[in-house]
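Below, all heavy atoms of this structure are taken into account, side chains as well, without hydrogens, waters or symmetry copies.
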Amino acid sequence: MQIDESIYLKFPAILKDKLLKKEIKLPQAVEFNYKPILAYRAIDREKEDYRAVSLEDFKSYFELKKTPKNARGIKKDWSKDPHYYGVSSFLDKKIVEQKMKFPNPKKKMAVGNIYKEGGPQETNRQQQHICWWLFEDADVSGFKIEEG
């Protein structure tokens, strides 16, 4: 699929630069035109913190200055992986509950729709995982904290 590079200008600076300089490219399976996808995401929240979901809750590993766990004995340069700059969500809330060991006093579940105006996405149906590359001005106010 040929990508119109003008779309790269909608991304936050670091991702935009890496794409324009061709240091990374979005995966072959990425979709730009898709119907809204109901998704679940764990967000950092203290027990009594029910403030509205915001872009602060949708930061990539890169933005959080975190590195995903590598498989044992495998070294990987995550800065060259486009998924490092995307945001993870899941199609099945049970997966989030298991991965984040819910109930978790430091996490809450956000639920809402991933949508094309917010940025492209790649869905791995087998793993029920969605990687969403948010545009700089994406609106995530449609996500709500799900009451446990």
Would you kindly confirm whether Phe90 and Phe143 end up in one hydrophobic cluster when ILVMFWY residues are joined by side chain heavy atoms under 4.5 Å apart? no
Look only at the side chain of Gln127 and the backbone of Asn124, and say whether a donor-acceptor pair between them is shorter than 3.5 Å. no
Honestly curious: do Val140 and Leu91 fall in one hydrophobic cluster under the side-chain, below-4.5 Å linking rule? yes
Lys NZ or Arg CZ of Lys16 over Tyr8 ring: under 6.0 Å, within 45°: no
Given salt bridge (charged side-chain N to carboxylate O under 4.0 Å, His left out), test Lys93 with Glu146 step by step and report yes or no. CA-CA 10 Å; Lys93 78 178 193 176; Glu146 187 170 90; 2.8 Å; yes
Do Ile14 and Phe11 share a hydrophobic cluster, counting only Ile, Leu, Val, Met, Phe, Trp and Tyr and linking them when any side-chain heavy atoms are less than 4.5 Å apart? yes
Strictly distance-based, threshold 3.5 Å: is any side-chain N or O of Ser54 a donor or acceptor partner for the main-chain N or O of Glu56? yes
Please check if the side chain of Asp49 supplies one atom and the backbone of Arg51 the other of a donor-acceptor pair under 3.5 Å. yes
I need the minimum non-hydrogen distance between Asp92 and Gln128, along with the two atoms involved. CB-OE1, 4.1 Å
Pairs touching residues 91-126 that satisfy ring-ring contact (aromatic ring centres under 6.0 Å, His included), sequence neighbours left out: Tyr115-Trp132
Which pair of non-hydrogen atoms, one from Ala42 and one from Lys107, has the smallest distance, and what is that distance? CB-CD, 4.4 Å
Worked verdict on Lys106 versus Glu46 for salt bridge (charged side-chain N to carboxylate O under 4.0 Å, His left out): CA-CA 5 Å; Lys106 302 249 186 235; Glu46 294 298 324; 3.6 Å; yes
Please examine the side chains of Leu20 and Leu9, heavy atoms only from C-beta on, and report whether any two atoms are closer than 4.5 Å. yes
Are His129 and Ser88 close enough that a side-chain donor and a side-chain acceptor fall under 3.5 Å? yes
Between Ala13 and Glu136, which heavy-atom pair has the shortest distance, and what is it? N-OE2, 4.4 Å
Would you kindly confirm whether Ile114 and Ile145 end up in one hydrophobic cluster when ILVMFWY residues are joined by side chain heavy atoms under 4.5 Å apart? yes
Check whether any side-chain N or O of Arg41 sits under 3.5 Å from a backbone N or O of Asp57 as a donor-acceptor pair, and report yes or no. yes
Mind checking the OH-CG spacing from Tyr84 to Leu15? Nearest 0.5 Å is all I need. 12.5 Å
Which value, rounded to the nearest 0.5 Å, describes the distance between Leu26 atom CG and Glu31 atom CD? 12.5 Å
Closest non-hydrogen atom pair between Gly86 and Cys131, with its separation: CA-SG, 3.7 Å
Between the main-chain N or O of Ile95 and the side-chain N or O of Gln98, is there a donor-acceptor pair closer than 3.5 Å? no
Steps toward side-chain contact (heavy atoms from CB on, under 4.5 Å) verdict (Met109, Glu97): CA-CA 8 Å; Met109 180 93 62; Glu97 290 170 344; 3.6 Å; yes
Mind checking whether Tyr85 and Lys18 have side chains closer than 4.5 Å, heavy atoms only? yes
Thinking salt bridges, do Lys80 and Glu23 make one under a 4.0 Å N-O criterion? no
Compute both the distance and the angle, then confirm whether Lys108 meets the cation-pi test with Tyr50: under 6.0 Å from the six-membered ring centre, within 45 degrees of the axis. yes
Should Leu38 and Ile43 be counted in the same cluster of Ile, Leu, Val, Met, Phe, Trp and Tyr side chains packed under 4.5 Å apart? no
Can Ile130 and Ile37 be said to form a side-chain contact (heavy atoms from CB on, under 4.5 Å), step by step? CA-CA 9 Å; Ile130 305 164; Ile37 303 166; 3.6 Å; yes
Between Glu122 and Trp133, is the side-chain contact (heavy atoms from CB on, under 4.5 Å) condition met? List the steps. CA-CA 9 Å; Glu122 175 188 49; Trp133 291 273; 3.8 Å; yes
side-chain contact (heavy atoms from CB on, under 4.5 Å) assessment of Val53 paired with Phe58: CA-CA 9 Å; Val53 175; Phe58 283 80; 3.6 Å; yes
Out of curiosity, Asp17 CG to Lys22 NZ, how far, rounded to the nearest 0.5 Å? 13.0 Å
